[in-house]
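Chain A is the first sequence line, chain B the second, and so forth, proteins listed ahead of strands; every chain is numbered from 1. The model shown is predicted, which means the values in this text are computed figures rather than measured ones.
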Amino acid sequence: MDKAYNSSQEGQIYELWLNSGAFTPKVPADPKKAKLKDNPYSIILPLPNANDPMHMGHALFTIQDILVRYHRMLGQPTLWLPGGDHAGIETQFVFEKKLQKEGKSRFDFDRQTLYQMIWDFVEENRKLNQFQMKKLGFSMDWTRYHYSLEPKIVDNVLATFKKLYNDGLVYRDEKIVNYCTHCGTAFSNLEVDYVDEIGKLYYMKYGPFILATTRPETKFGDTAVAVNPKDKRYIKYVGQEITIEGLNGPFTVKVIADDMVDMKFGTGVVKITPGHDPNDFEASIRHHLPIKKVIGFDGRMTELAGKYAGLTVNQAREKVVADMQERGMLVKIDDQYQHRIGRCYRCHHVIEPMVAPQWYLKIDKLAKPATEAAKSGQLKFFPTRFKKAYITWMENIRDWNISRQIVWGPRIPAWYCLDCNPDIKLNFLDKNKNIISDFYKNIKNKYSIDEINNGLQSLVAPTDAAFTVEKTDHCPKCKSKNIIQETDTFDTWFLSGQWPLSTLGFNTTDPSKSSPDFDYFYPTTVMDTLWDILFFWVARMTMFGLYLTGDVPFKTVHLHSKVTDAKGQKMSKSKGNVVNPLDMTEKYGTDALRMSLVYGIAPASDFVVSEDKIRAQRNFVNKIWNASRFVEMLIDRLNPSKISLDIDKLKLIDADKDILNKLNKIISSTTKNLETYHFGQASEDLYQFFWKEFCDLYIENAKDRGEEAIPVLLTVLITSLKLLHPFIPFVTEEIYQYLIEKYNFKKELLISSSWPKNEN
RNA sequence: GAGUCUAUAGCUCAGUUGGUUAGAGCGCUUCGUUGACAUCGAAGAGGUCAGAGGUUCGAGUCCUCUUAGACUCACCA
């Protein structure tokens with residue numbers, strides 16, 4: 001054996017495992033029946049973005065590898081199913097940044113071309129991600145790898161949409177949504193980051209009132225002004241139409257009374273802009289107010305803003321304020337006003353509340369069973385505190401906007417007849433690559449359907465537009481062949497929410513035709529993921545799982561901790577504080593990195609990755625190597641006639657009994673800790689046992705003994721290797737193979753060996 | 001506004017159901033080792049376990065309050 005452990009052999013060991021078939025469980029002929037007897041263990045990997053290079057968060061998949069390796073050693077048929085996500089908006093965002101560097105934008109391309117470009121971009125990076133997961137030693141079944149845009153996966157997702165539609169759970173509506181004018185798409189509530197910012201609160205004259213607003217530029221969209229019904233100051237105005245002096249000339253609004261108004265805030269008067277404020281939108285429904293859109297999807301003021309049309313929101317605000325000041329309409333400005341601004345979680349531009357037609361999923365029927373599953377314990381949480389968060393969220397859930405106005409992702413399978421829906425607005429590049437943006441009725445005689453389809457960027461269909469969810473080449477009603485597919489794509493989570501089903505081969509259209517994998521492994525055993533996608537993903541998977549199969553997609557949700565940098569900040573590419581795990585494996589070996597990610601970590605608490613810690617674990621890995629080397633040297637020196645693992649209990653001295661006793665204890669505690677997800681404790685105990693008890697005490701003592709010590713030495717060593725294998729698979733396997741070879745033991749891989757049992 | 005979490009050695013953190021002198025890594029001090037160990041070993045300094053009160057034979061561990069910080073959710077102009 002070499003003087004020190006050399007981690008450069010890891011690749012070969014991985015090949016050894018891979019070629020042995022240990023990663024690929026076999027599914028028996030009668031999976032449903034065999035399942036009860038076999039007790040299969042399965043984990044679906046939280047699919048990383050296919051184009052995303054590895055970061056420490058991915059390295060935490062180590063937790064899953066520990067679980068999987070442990071259960072495999074217990075003899076359970078074990079599946080860890082890997083995958084890659086096309087990651088809708090995330091990927092398109094990254095790609096658009098790349099385009100920007102080249103001086104281009106998404107508007108230079110039709111959607112098919114853009115889609116193909118992004119596809120190629122992702123393909124380049126997808127292999128890298130897989131390579132990196134192999135580097136970290138993850139014992140995933142690569143034969144079952146899935147990519148979220150595989151035709152089979154997508155088809156099933158579309159089938160789910162159809163089923164939801166047929167069950168009456170899909171509808172289109174024009175409500176106020178969180179719209180990012182920079183990304184050009186609407187988002188769900190979860191995708192908006194609210195940031196405390198210091199802004200300005202403008203007090204302006206407004207008919208007989210003075211009112212405070214942060215958004216003077218939206219006054220062109222005002223359709224009412226509201227006061228509190230209990231406010232004696234203003235009660236006399238309620239119900240009146242009042243005339244407001246406007247920058248584009250006078251206009252009238254209605255005075256309404258509504259509890260939403262806080263008498264103590266500002267002057268107790270609020271202007272109501274239903275088109276650009278969620279509260280005002282709600283109020284407009286209560287009071288039947290008209291909606292005026294003064295900001296367009298491009299982030300610029302519309303014609304309704306009169307002379308301000310065409311300005312960006314910020315430009316318009318500046319100009320409006322200046323003009324009002326000039327005309328004495330501004331009373332005062334509070335420039336230290338602290339409020340919360342919604343920002344796009346991707347690009348961090350300000351989110352504009354906008355009224356836009358979107359596709360929605362009625363969520364009540366899906367959420368109810370998903371809530372019940374958590375309450376009844378059918379779905380378990382670890383740590384348990386997340387159960388409460390999950391239930392609270394589920395009980396307050398709202399209908400889900402599943403449409404996104406981006407190209408990167410499966411298009412919603414709905415087809416419109418243009419001749420039946422002449423008010424559909426089309427945005428496309430004509431054959432000369434000029435952008436055309438107009439209603440179909442205005443251009444129907446100028447462009448062929450082929451030209452429109454070929455250059456298509458997006459369409460906006462009124463909410464009452466007729467559509468069909470079956471693909472067709474002619475309209476069933478008017479027989480027109482001018483058919484166009486919805487350009488909205490699905491929210492990424494709509495697809496990944498079905499991931500456990502799709503990857504295991506569940507067939508939505510005909511569940512009886514689902515694959516044997518599904519019958520054998522569903523519901524999966526554990527879903528281990530970062531807690532910050534509990535709502536985004538875990539909740540959605542649970543809803544889809546129960547809706548489609550009647551069963552939860554996983555029995556236990558294990559939420560793990562977040563890796564932070566030295567300042568306690570979450571590592572992210574945008575912050576530039578990412579520590580590359582692959583650099584660490586190069587420097588210290590994969591085992592050292594893996595061990596440092598779980599050693600002494602409390603369940604689901606944040607922790608800091610430091611190089612010191614990784615170095616310390618590298619020393620531990622090396623200690624194991626050298627202890628093994630020393631055991632070998634001791635045995636060589638004694639030159640015994642026969643090497644055996646059989647312990648003769650009659651010949652044991654106190655030191656032997658002591659170490660065997662402690663070995664039994666560590667077997668029990670490690671097993672228990674792994675069963676209860678106490679990886680930190682398990683790894684720490686093993687570290688202490690091996691270093692202190694075995695190396696410092698027992699081996700030191702064995703230096704002066706004869707060959708009768710050999711069986712105990714080897715037994716404790718090999719058992720330790722087994723216990724440590726889930727945590728540090730490479731060094732343990734390498735030593736194990738060396739020992740087998742040298743002492744002619746039965747040939748087997750440690751990965752496939754059996755988990756130690758307490759002998760007492 | 002509602003909820004959750006954290007507060008333990010100089011630093012980063014363990015301490016699962018309350019039970020003997022509170023632990024690890026790194027750092028620090030002294031000594032010893034260069035034929036297992038990128039060193040390793042032995043010994044050691046260092047903590048009123050945020051503060052106050054309570055339950056208990058016994059609390060870092062359970063309860064209440066206080067203080068400080070982090071996060072999640074929520075429609076405040």
Counting heavy atoms from C-beta on, name the nucleotide in [options] closest to the side chain of [X].
X	options	value
A:R618	B:rA38, B:rC40, B:rU16	B:rA38
A:F630	B:rU16, B:rA14, B:rA36	B:rA36
A:A616	B:rG25, B:rC40, B:rA24	B:rG25
A:D612	B:rC37, B:rC26, B:rU16	B:rC26
A:K388	B:rU72, B:rU16, B:rG3	B:rG3
A:E684	B:rU16, B:rA38, B:rA14	B:rA14
A:W531	B:rC71, B:rG25, B:rA36	B:rC71
A:C695	B:rU16, B:rA36, B:rC76	B:rA36
A:R629	B:rA36, B:rC5, B:rA14	B:rA36
A:D696	B:rA42, B:rC73, B:rC37	B:rA42

Requested in this report: May I ask you to check whether A:N314 and A:R317 show a side-chain donor-acceptor distance below 3.5 Å?
Outcome: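 No donor-acceptor contact under 3.5 Å links the two side chains.
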
Query raised in the report: Among side-chain atoms of A:N6 and A:W625, is any donor-acceptor pair under 3.5 angstrom?
Result: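 Not at all, the side chains of A:N6 and A:W625 share no donor-acceptor pair under 3.5 Å.
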
Within the structure shown, what part of the strands sits under 4.0 Å from [X] by heavy-atom distance: base, sugar-phosphate, or nothing?
X	value
A:Y5	base
A:Y206	nothing
A:N619	sugar-phosphate
A:D262	base
A:R340	base
A:D277	nothing
A:Y599	sugar-phosphate
A:K271	nothing
A:V269	nothing

Query raised in the report: Can a cation-pi geometry be assigned to A:K623 and A:F690, taking NZ or CZ under 6.0 Å from the six-membered ring centre and within 45° of the ring axis?
Result: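 Judged by the rule (NZ or CZ under 6.0 Å from the ring centre, within 45° of its axis), A:K623 is not positioned above A:F690.
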
Nearest-Å distance for atom pair [atom1]/[atom2], residues [X] and [N]:
X	N	atom1	atom2	result
A:I397	B:rC73	CD1	P	13 Å
A:K692	B:rC37	NZ	P	18 Å
A:D193	B:rA74	CG	P	12 Å
A:F536	B:rC73	CZ	C1'	13 Å
A:I635	B:rG35	CD1	C1'	17 Å
A:E675	B:rU17	CD	P	18 Å
A:K587	B:rA38	NZ	P	18 Å
A:R637	B:rA36	CZ	P	8 Å

Query raised in the report: Do you know which two heavy atoms are closest between A:P229 and A:I235, and how far apart they sit?
Result: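 In this case the closest contact between A:P229 and A:I235 is O-CD1, 3.2 Å.
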
Ion pair check, [X] and [Y], cut-off under 4.0 Å:
X	Y	answer
A:E191	A:R346	no
A:D231	A:R233	yes
A:D258	A:R286	yes

Query - 4.5 Å side-chain heavy-atom contact, A:N178 and A:P353 - result: no

Requested in this report: Indicate yes or no: at least one non-hydrogen side-chain atom of A:W493 is less than 4.5 angstrom from one of A:L190.
Outcome: no

Report task. Please check the phosphate of B:rC75 (OP1 and OP2 only) for any side-chain N or O of A:R398 closer than 4.0 Å. Result ->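 Indeed, a polar side-chain atom of A:R398 lies that close.
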
Query raised in the report: Does A:K3 make a side-chain N or O approach to OP1 or OP2 of B:rA38 shorter than 4.0 Å?
Result: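 True: A:K3 side-chain N/O within range (under 4.0 Å) of B:rA38 OP1/OP2.
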
Distance check, [atom1] atoms only: [N] and [M], in whole angstrom units.
N	M	atom1	answer
B:rA45	B:rU30	P	15 Å
B:rA24	B:rA36	C1'	24 Å
B:rG51	B:rG10	P	14 Å
B:rC49	B:rA9	C1'	10 Å
B:rG46	B:rU67	C1'	26 Å
B:rU29	B:rU72	P	42 Å

Taking any strand in view, what nucleotide pairs with [N] in a Watson-Crick or G-U wobble way, both distances under 3.5 Å?
N	answer
B:rG46	none
B:rU21	none
B:rA2	B:rU72
B:rU33	none
B:rA7	B:rU67

Query raised in the report: Toward the 5' end of RNA chain B, which comes first, A:W393 or A:G266, by nearest nucleotide?
Result: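 Here A:W393 is the residue nearer the 5' end.
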
Report summary line: Comparing A:M633 with A:L697, nearest RNA chain B nucleotide closer to 5' gives the residue A:M633

**Report entry** B:rA42 base / A:E700 side chain donor-acceptor hit below 3.5 Å
**Finding:** no

